[in-house]
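Heads up, the thing below is written out as C-alpha cells.
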Amino acid sequence: MKKFMNEAGSLAADSLDGFVGAHDDLVAFGQDRKHVRRRVLSPGKVAIIAGGGAGHEPMHVGFIGKGMLDAACTGHVFTSPTPDQILGAIRETDNGAGVLLIVKNYDGDLMNFEMAAEMAVSDGGHRIETLIVNDDIAVERTARGTGRRGVAGTLVVEKIVGAAAEAGLDLFSLKAVGESAIAATRTMGVALKGATVPQTTRETFVLGETEMEVGVGIHGEPGRSRQDIADAATIASLICRQILDDLEPAQGQRILLFVNGLGATPPSELYLMFGLARRFFEAHGLVVCRKLVGTYATSLDMAGMSITVTLLDDASLGLWDAPVHSAALHW
Amino acid sequence: MKKFMNEAGSLAADSLDGFVGAHDDLVAFGQDRKHVRRRVLSPGKVAIIAGGGAGHEPMHVGFIGKGMLDAACTGHVFTSPTPDQILGAIRETDNGAGVLLIVKNYDGDLMNFEMAAEMAVSDGGHRIETLIVNDDIAVERTARGTGRRGVAGTLVVEKIVGAAAEAGLDLFSLKAVGESAIAATRTMGVALKGATVPQTTRETFVLGETEMEVGVGIHGEPGRSRQDIADAATIASLICRQILDDLEPAQGQRILLFVNGLGATPPSELYLMFGLARRFFEAHGLVVCRKLVGTYATSLDMAGMSITVTLLDDASLGLWDAPVHSAALHW
Amino acid sequence: MPVLVRIGPVIAACCADIARHADRLNRLDGAIGDGDHGTNMQRGCEALLAESQRLEALPLAQSLAEAGRILVMTIGGAAGPLYGTLLMELGRAMSETSGTDDFPTAFAHAVNAVARRGKSGTGDKTLLDVLFPLSDLLAADNKFETTPAKVAALAEMTVAMRARRGRASFLGERSIGHMDPGAASCALLVAAVCREINGGRRA
Amino acid sequence: MPVLVRIGPVIAACCADIARHADRLNRLDGAIGDGDHGTNMQRGCEALLAESQRLEALPLAQSLAEAGRILVMTIGGAAGPLYGTLLMELGRAMSETSGTDDFPTAFAHAVNAVARRGKSGTGDKTLLDVLFPLSDLLAADNKFETTPAKVAALAEMTVAMRARRGRASFLGERSIGHMDPGAASCALLVAAVCREINGGRRA
Ligand SMILES: Nc1ncnc2c1ncn2[C@@H]1O[C@H](COP(=O)(O)OP(=O)(O)O)[C@@H](O)[C@H]1O
Ligand SMILES: Nc1ncnc2c1ncn2[C@@H]1O[C@H](COP(=O)(O)OP(=O)(O)O)[C@@H](O)[C@H]1O
Ligand SMILES: [Mg+2]
Ligand SMILES: [Mg+2]
Ligand SMILES: [Mg+2]
Ligand SMILES: [Mg+2]
C-alpha cells in the first residue's frame, strides 16, 4: 500500500487540515476541529448538516458553502463521526430555524446521528429532522434488513436540499423536498481495484487481473458480485439497465446523469463512461438534461466509478441549477 | 491493466466524445471532431489555443470557456495532435485578432504546432504567436538540450493568459503576459505508480512496493530518480525545497500554490499534501494567497501528484481571480 | 460479584486482548465490511485506558456509564454507539438497583437498549448474537465462570448467519460463511472480563 | 535506382516490419520515453497502406511527398513531423532534380530538413543518428546493398549516448544505456526499403 500520508492514524485529520487551509475563504473548523462549517452562515435559514467517515473526500466537506451544506462532520477513515462532533455542528449552525441532518443509510451513521439528535433535542431544545439517503440499488431490498446504502446520490440530495434551504424553506418543507429527491435518485457502482484502508495496509477486497466487483459501496466493502472484467460499453449497459429497471421512468422523462469516480479512476475514463451512459439513456427515451462528471464521493483509492440518475421535474431542476458556492461544486 | 475502455485505439476519442457530451453548454466539436472549441466565441478577442496528447484530462479541453481557452486539440494518448488538427482550430477561432498557441515544451508538441503555424501563416494569412511552457524543475537545465518540460503549471499560464485575452489585450501584449507567467511558475511531481499506456497494457515504469519515482512528467516517462518511499511530510519538503531553491522568491512574496493529482491519487491525499506544502512555504516566509487543489493535469492512471508555485504580483493576481467559466475551472 | 471488581484491571485486560486480536478483527471485518473493526475497538479501549484512573475513582455504576460515554465519543462507526449504549445503560440500570443479584436484570436492560439503538435482534449476525444469549445465561445462574467458552461458540454461530444489520447486510447472500466481527470482539471482551472477575485465571 | 521501384510493395514491407517490431519499439520507448513509438509508427504505416494504390499512381517524387504528408497528419508526436518531413522534403527535392544520380543529394537535403525541424544534430540520440551517417554512405557510393547491416549498427550506437532531444532528454543521465526507439525504427525501415529495392532479398 502506497499513500501520501504521515501516519495512518492521522490521515483523516491531516487531510482535513489541508482542505480547510485550501478553502479558508469558504470554510472554517468548528470548535476543537470536530467539524467544518461555513465561514459565514446565512441568517434565518435552516441549517443543513451532513457527515460520515473520512475517505470519501471531497464529500461532504467539499459541499459546504452557500447553496449547499452549513457544516459537515468527518469521522475516522470509513468510520461515522461521533455524536459530540455532530452535536457541536448543530450548536454552531442552528440559528433558530432548526437543523436538517443528511445521513447516508448505514447503521453506524444512523446511530451516531440519532444519538446526537437526541442530545440536541433534550439538552439544547434544537429542532432536528433527519433525511436518510439510500440510493444504492446494488443492495437487494429485503423484508427485514438495513435497506439500501447511501452513496454518491447523496451529493444530489445535498445540492437540492441546500438550494431549497437557501431559498428560505422551513424545516418541514425541506424534509419533504429531500425525501422527493431521495425517491428520485438511484446509483450503482463498479470497482476495478479495492480500497486500501490505511490502518491495515490491506485492500478490503483483492481482485484478480481479469475481475471486477459489481455493486460496490463507498466503504471498500465487497459488492454484490464478482465478475469477469468487460469492456466499457458492457459495464455501462449493465449498470444503466439496472438503474432503468429500478426507476421505471416514463418516456421523455428528464434526468440528471452523474458519473462519479471512486478515487483512483482518472477523468478520461469517467468521461468515457459518461458518454456511454448518456447514449444508453437517450436510446431508452430519456432526456439527459443535466450532467455531472467527476470525483466527488470516493472510497479512498478505489479504482472504479458509479452512475447516478435523478429524475427531474421543474422544481428539482430549478434547485439543481440554483447557485452553489462550495469547494467541490460551484456554479 | 484495467481500464474503463472499449478498445485501446479509441480511448482518446471515446473519452472526448463523453467530455463534449457532458459539457455541451460550453463546448462543441470543431470540424471532423479534430478539435474542441467554445460553443460561442467572444468577438474581437485574440484566440487562445492549447493542445497536446490525450491522457492528461481534464487538461486542456476542460479549460475551454470564457476567460480561458478558445479551443484545444487532443492527439492520441501521450501523442501530440497533428498539424491539421491545430490548423482547423486556428481557422475556426481566429476572428482577425490573431492566435496565441500555448504549447508544453516537448519536441513533439513543438514540431506539430510549428508546422501548423507555418501553414496558417503561409496559406491563411493568420497572425500566430506561440508560448512555450517549461515549468518542470525536475529536468536539469543543460547547455544543449530540449530544456524543461511543460507540466501542470500550464494550467496557470492558460488561466492568466485567458483572462488577459478576455480583457482585450492584443496578441503582442498577451505573449508578454504569458512569458511573465511562465517565468514565475515552477512544478515538480512524484509518482507512486506508473501510468499504463492502453495500447501496450504495460506500465511505462514499474515501481517496487517501497519505491517512488521523483521528478516525473505527465507522459509516463521515468522521472529524475527512483527513491525509497517516504512519509508525506518528507515528500512535501523534498519538492517544496527544490521549488524554493529554483525560484528564489523574496520574503513576503505572494504565491499561488497548486497541488495537482496525476490521475489515481484521491482528493484526500492531495489535500493532505497541500496542507504540508502550505505550511512549508509559509514557514519560509511566503504568503500563500491563492490555492488550487485537484486533478487537473493527469498522466492517465498514474498515482502521484505535483506541486506548482507561481509568484504573483497585482497584475497576475487580478488575472487569476478574473472569472472563468470552463468545465474544469469555474469561478 | 461485579460490584467487587476493580474496573482498572478489567480495562487493561480488555485493551490488551483487543490489541492482540485487532488484526484478526480487521480481517473479519474486511471480509464482509470495511476492515476497521479492530482499529475502531482499539481506539475505544485506548481511550478508556487513558481515563482508567479517573474511572476507578467513581462508583462502579457511574464508572460504567462514563466508560460507555467515552466509547461513544471515541469509537464512532457502528461499534461506538452499540458498545457505548451497553455500558451507559448498564451503569444507569445498576445505579437504579443495588446488589449483585440484580446484575442479570441490569444487563438484560442494557442489551435491550443496544437492540433498540441498532434496531436489531437475535439472528441478525451482530454482537447481539453474543449479548442476548449471554444475558439469558446470566439470568439463569448469575455466574461468570462458564461463559467464556460459551461466548466463543456463540460468535462461531454467526458464521452461518445471513447479515440483516450493519454493513454486512449490504452483501446479502455473500455475508454467509464469515464470522461477524462485532460478535467476535464481543466474545473476546466477555472472555477478558470473566477472566479478570475470576482472578486473572484464563477460562 | 529508387525511381525504378514501385512504392506499394515498399509500403507493405515497411508496414509488415513495423507491425512485427511494434512491441519492441514500444518497449524501447517505455524505457526512456512514453512507450508508444511502435504504436505511433504502426498508425502511420497503416495510413500509408490504406492509400497505397493512390500513392502508386503518382510519380515517385510526388508520391513520396504525399506519403510524408500522410505521416504528418496521422502519426502525431515527435515521429510524425520528423518522418513526414523526411519524405515530404525528399519528394520535393527529387521533383526538382532528376535521375538517380541526384538521389544522395536529395536525401541529404531531406535529412537536413529533418534536423532543422527537430532542432537537432548527430549525437543527440535520435533517428538522426541513423539518418546522417546513412546520408553520408549514400553520398559515397549511392548504393542500397550494404546499408541494412550498417544502419542496425548505427541504431546500436545510440545506446551509449545521452539524449539531448525528445522525451528521453528529460531523463538526463538516465537516458544512457538504452537504444533510442526512433533510431531503432529508422534502422528497421531502411532495412525494409533496401530489401525491397534489392528485389525482396533479406540483406
Ligand atoms: N444495527 C446493528 N445492530 C447491532 N449490531 C450492529 C449493527 N450494525 C453493526 N453492528 C455490529 O457492528 C459491527 C461492525 O463494527 P465496526 O466495524 O466497528 O463499525 P463499521 O461498520 O461502522 O465499520 C458488526 O460486526 C456488528 O456486529
Ligand atoms: N527533436 C528531435 N529531433 C530528432 N528526433 C527526435 C526529436 N525528438 C524526438 N525524436 C525522435 O522521436 C522518437 C520518439 O518518437 P515517438 O515515441 O513516436 O514520439 P513521442 O516522443 O512524441 O512519444 C525518439 O526516439 C527520437 O528518435
Ligand atoms: Mg467503519
Ligand atoms: Mg508519445
Ligand atoms: Mg467496520
Ligand atoms: Mg513516444
Side-chain angles (χ1 to χ4, degrees), chain A residues 8-9 34 52-55 73 75-85 87 105-116 136 138-140 142-149 194-200 202-206 215-226 299-300, chain C residues 22-27 29-44 46-47 68-85 88 114 116-121 123-126 162-175 178 182:
Chain A
K34 286 188 175 177
C73 305
H76 290 269
V77 171
F78 292 167
T79 304
S80 323
T82 53
D84 55 327
Q85 295 184 263
L87 192 57
N105 188 32
Y106 140 64
D107 292 350
D109 285 328
L110 288 180
M111 291 189 277
N112 284 286
F113 274 89
E114 196 179 79
M115 288 185 91
D136 189 353
V139 179
E140 292 169 63
T142 50
R144 176 168 166 72
T146 306
R148 292 173 162 181
R149 279 179 297 228
T196 335
V197 179
Q199 279 89 346
T200 62
R202 243 197 316 269
E203 281 180 55
T204 51
F205 54 84
V206 180
V216 291
I218 52 172
H219 293 88
E221 67 270 42
R224 185 195 278 187
S225 66
R226 193 154 300 184
S299 183
L300 288 173
Chain C
D23 197 55
R24 180 172 72 93
L25 295 174
N26 282 335
R27 224 160 328 156
D29 195 26
I32 54 174
D34 59 353
D36 61 4
H37 185 60
T39 308
N40 291 342
M41 293 306 292
Q42 224 175 333
R43 189 170 51 245
E46 277 161 17
R69 207 194 54 79
I70 292 172
L71 291 184
V72 169
M73 299 313 181
T74 53
I75 298 187
L82 295 166
Y83 277 111
T85 297
M88 281 162 69
V114 172
R116 274 197 310 279
R117 178 60 72 203
K119 299 190 176 57
S120 45
D124 287 348
K125 193 178 182 117
T126 70
R162 176 182 165 137
R164 289 183 301 213
R165 281 290 175 272
R167 270 186 214 300
S169 71
F170 300 137
L171 272 81
E173 287 290 330
R174 288 180 100 189
S175 65
H178 303 271

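Naming convention: chains lettered A, B, ... in sequence-line order (proteins, then strands); numbering from 1 in each chain.
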Practice task
Check whether C:R174 gets within reach of chain A through its side chain, its backbone, both or neither, counting any heavy atom under 4.5 Å.
Solution key: side chain

Problem - Best-contacting candidate, A:V197, A:T204, A:D84, A:V139, against chain C by heavy atom pairs under 4.5 angstrom - result: A:D84

Completion exercise
Applying a strict 4.5 Å limit to non-hydrogen atoms, the region of C:R162 in contact with chain A is side chain

Problem - Engaged part of A:D109 at the chain C interface, taking heavy atoms whose separation is under 4.5 Å - result: neither

Handout entry: Under 4.5 Å from any heavy atom of chain C - which part of A:R224
Key = backbone

Problem - Structural part of C:D124 lying under 4.5 Å from a heavy atom of chain A - result: side chain

Practice task
With C:R167 as the cation and A:Y106 as the aromatic partner, state whether NZ or CZ is under 6.0 Å from the six-membered ring centre and within 45° of the axis.
Solution key: yes

Exercise for the section: With rounding to the nearest 0.5 Å, note down the distance linking CG in C:D34 to CD1 in A:I218. Expected result: 11.0 Å

Practice task
Check whether any side-chain N or O of A:N112 sits under 3.5 Å from a backbone N or O of C:G77 as a donor-acceptor pair, and report yes or no.
Solution key: yes

Fill in the blank from the handout: dist C:K119:NZ -> A:M111:CE (nearest 0.5 Å) comes out at 8.5 Å

Problem - Contacting moiety of C:A168, where chain A heavy atoms sit under 4.5 Å - result: neither

Completion exercise
Most contact-rich option vs chain A, by heavy-atom pairs under 4.5 angstrom, among C:N26, C:L82, C:V72, is C:V72

Practice task
Would you kindly say whether C:D36 and A:T79 are connected by a side-chain donor-acceptor distance under 3.5 Å?
Solution key: yes

Problem - Side-chain heavy-atom pair A:K34, C:M73 within 4.5 angstrom cut-off - result: no

Handout entry: Separation of A:T82 OG1 from C:L71 CG (nearest 0.5 Å)
Key = 12.0 Å

Fill in the blank from the handout: In this structure, OG of C:S169 is separated from CZ of A:R149 (nearest 0.5 Å) by 9.0 Å

Handout entry: C:T85 portion near chain A, given a 4.5 angstrom heavy-atom threshold
Key = side chain

Practice task
Side chain from CB out, backbone as N, CA, C, O: work out which of these in A:S225 comes under 4.5 Å of a heavy atom of chain C, or both, or neither.
Solution key: backbone

Problem - Side chains of C:L171 and A:P222 in contact at under 4.5 Å (non-hydrogen atoms) - result: yes

Exercise for the section: Measure distances from A:H76 to the heavy atoms of chain C and classify the residue's part below 4.5 Å as side chain, backbone, both or neither. Expected result: side chain

Fill in the blank from the handout: Whatever's closer than 4.5 Å to a heavy atom in chain C on A:F78 counts as both

